[in-house]
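Heads up, the thing below is written out as structure tokens.
Quick caveat: nothing in here was measured; it's all calculated off a predicted structure. FYI, the numbering just counts along the sequence from 1.
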Amino acid sequence: MQQKFSPAFTSRLPQVGTTIFTIMSQLAREYDAVNLGQGFPDFPMSEELTDLVNKAMRDGHNQYTHMNGFPLLRERIAAKVNHSYGYAPDAEKEITVTPGGTYAIYTALTAALQPGDEVIVFEPAYDSYIPNITINGGVPILIPLSFPDYRIPWEEVKKKITNRTRLILLNTPHNPTGMVWTSEDMQMLENLVSGTSILILSDEVYEHLIYDGLEHQSVLRYPALRERSFVCYSFGKTYHCTGWKLGYCIAPDLMMQEFRKVHQFNCFSCDTPKQVALANYLENTTAYEELGLQIQRKRDYFRQLMSATPFDYIPSSGSYFACFRYGHFSDLSDMDMAIHLTKANRVTCVPVSVFYHQGTDNKVLRFCFAKKESTLELAAERLQKIIC
């Protein structure tokens, strides 16, 4: 009898399993729970934009487009960036369209890192960052944000800078906490990297989801920062079409050349008809200029609804997310609490400890409020009945 083949396979990511979003979404389906765990809207996207996709397909835009992105789309992105931040990147040399923001982050890290390079990461951190760094031979240097306001501890950052620091990874507006960087933060960062060869990777996928009259502090506003930065964006977050998996990266010419070397052998080219549609839709500046006010209304309504529950709100000024504390009424771990709420109250959220490499548990849960009012109302009604 022939022996069954058993591959000798050494994992590149031995500590990594299934993501928390997959786990909690599966649990939500199993218990028919209101899913406020994963960051996607449950309300419809723009009919005009979907009509433009259909038109693009009917007009014959169904084959490969340029590796770097549909040319008109890159031109419109450059115009949008100039409109938003007062800087016009070179559409030919400095913009690459990607299959989502997470892909752009991975590609930038792959282009930038050599084995042993250190990357400063602020925790809690979006779950792809650390695996992306380690699979490329980098060393994540983890710095916890101050709790509960989740601000940058700049004195700690200064201490962590070494001659091996290759890159600082920032995320504003921040996932999972909704914290946003200030102009003072940007000035601190600029002072910190001045005179060094340190690169910056700025995850700005929630750029237009910013509230309370605040202004998004993109690194593109700061010449001394953008000259050393990969900046990553997401159409899915801006236009409520997360399933499209389309985004883009902006970087200086020489850095983008290295980015594209990786990109061409991985994705090569992104979905053509959607790029054509987005190129035309970007002329409508109102669609993204008013987005913050639209989603802030959802945040404010969810906060109001949650005031009738025992959870304590932690201020969120950006993103799809708000975090709530519960340690004053339960000793359950945040993972156990998230599972309990899904099973007993049929509301799904995400425990914030999963965004820390060592599982730091401050008894905080993340909820996505980018949902229909009826969805938020049902979730809050169920959460009023919590029994622990």
Side-chain angles (χ1 to χ4, degrees), residues 15-42 100-102 121-131 144-145 147-148 150 171 173-179 203 205-206 209 234 236-237 242-243 295 298-299 302-303 305-306 309-327 330 332-371 375-376 378-380 382-383 386 388:
Q15 307 302 319
V16 173
T18 305
T19 72
I20 188 64
F21 311 112
T22 301
I23 292 170
M24 296 309 297
S25 290
Q26 176 59 41
L27 204 60
R29 287 190 291 271
E30 184 178 345
Y31 285 88
D32 191 27
V34 179
N35 190 354
L36 303 187
Q38 200 164 357
F40 62 86
D42 68 346
T102 301
V121 180
F122 299 103
E123 290 193 306
Y126 178 54
D127 70 335
S128 81
Y129 295 164
I130 293 173
L145 299 172
F147 180 79
Y150 296 112
N171 174 209
H174 185 254
N175 176 13
T177 70
M179 176 271 288
D203 176 356
V205 301
Y206 294 103
L209 294 160
S234 166
K237 303 300 186 186
T242 58
I295 305 302
K298 293 183 178 294
R299 182 208 62 176
F302 185 57
R303 179 184 179 184
L305 292 169
M306 288 290 284
T309 75
F311 294 92
D312 282 349
Y313 172 70
I314 298 176
S316 164
S317 293
S319 80
Y320 278 157
F321 309 110
C323 291
F324 290 81
R325 303 169 73 173
Y326 67 88
S330 175
L332 286 177
S333 71
D334 64 355
M335 177 63 80
D336 288 342
M337 177 60 82
I339 292 171
H340 173 78
L341 293 179
T342 299
K343 292 182 176 180
N345 296 82
R346 293 192 295 130
V347 177
T348 297
C349 57
V350 170
V352 172
S353 65
V354 302
F355 298 94
Y356 289 89
H357 193 56
Q358 297 299 328
T360 301
D361 184 0
N362 292 311
K363 297 193 179 339
V364 176
L365 301 171
R366 189 197 78 171
F367 295 83
C368 175
F369 53 76
K371 307 291 180 181
T375 303
L376 299 177
L378 179 57
R382 291 178 176 180
L383 289 173
I386 182 172
C388 291

Within the side chain of [X], is there an N or O that forms a donor-acceptor pair under 3.5 Å with the backbone of [Y]?
| X | Y | answer |
| --- | --- | --- |
| Lys343 | Leu27 | no |
| Thr360 | Tyr356 | no |
| Thr309 | Met306 | yes |
| Asn345 | Arg382 | yes |
| His174 | Pro124 | yes |
| Glu123 | His357 | yes |
| Thr342 | Ala338 | yes |

Nearest atoms (heavy-atom pairs only) where [X] meets [Y]:
| X | Y | result |
| --- | --- | --- |
| Pro176 | Cys323 | O-SG, 3.3 Å |
| Ala370 | Lys298 | CA-CD, 4.3 Å |
| Thr242 | Gly39 | CG2-O, 4.0 Å |
| Ala125 | Val121 | CB-CG1, 3.8 Å |
| Ala380 | Leu305 | CB-CB, 3.6 Å |
| Tyr326 | Val364 | CE2-N, 3.8 Å |

CA sep, side-chain torsions, deciding dist, call: Thr375, Asp42, side chain to side chain donor-acceptor pair (under 3.5 Å)
CA-CA 8 Å; Thr375 303; Asp42 68 346; 2.5 Å; yes

When you compare the side chain of Pro148 with that of Arg325, does any pair of heavy atoms fall below 4.5 Å?
yes

Between [Y] and [X], is there a side-chain donor-acceptor contact under 3.5 Å, judged purely by atom types and distance?
| X | Y | answer |
| --- | --- | --- |
| Asn171 | Tyr206 | no |
| Thr22 | Ser25 | no |
| Asp334 | Ser353 | yes |

Phe321 six-ring centre to Arg366 NZ/CZ under 6.0 Å and within 45° of normal
yes

Charged tip of Lys371 within 45° of Tyr320 ring normal and under 6.0 Å:
no

Describe, in one word, how the ring planes of Tyr313 and Phe324 are oriented to each other, choosing from parallel (under 30°), tilted (30 to 60°) and perpendicular (over 60°).
tilted

Listed partners of Arg346 passing salt bridge (charged side-chain N to carboxylate O under 4.0 Å, His left out), at least two apart:
Asp32

Using the rule given for side chain to side chain contact (heavy atoms under 4.5 Å, CB included), can you reason through Ile386 versus Leu341, listing the C-alpha separation, both sets of side-chain angles and the distance that settles it, and then say yes or no?
CA-CA 8 Å; Ile386 182 172; Leu341 293 179; 3.4 Å; yes

Just grab all the salt bridge (Lys or Arg N to Asp or Glu O under 4.0 Å) pairs involving residues 350-364, residues at least two apart or on different chains.
none

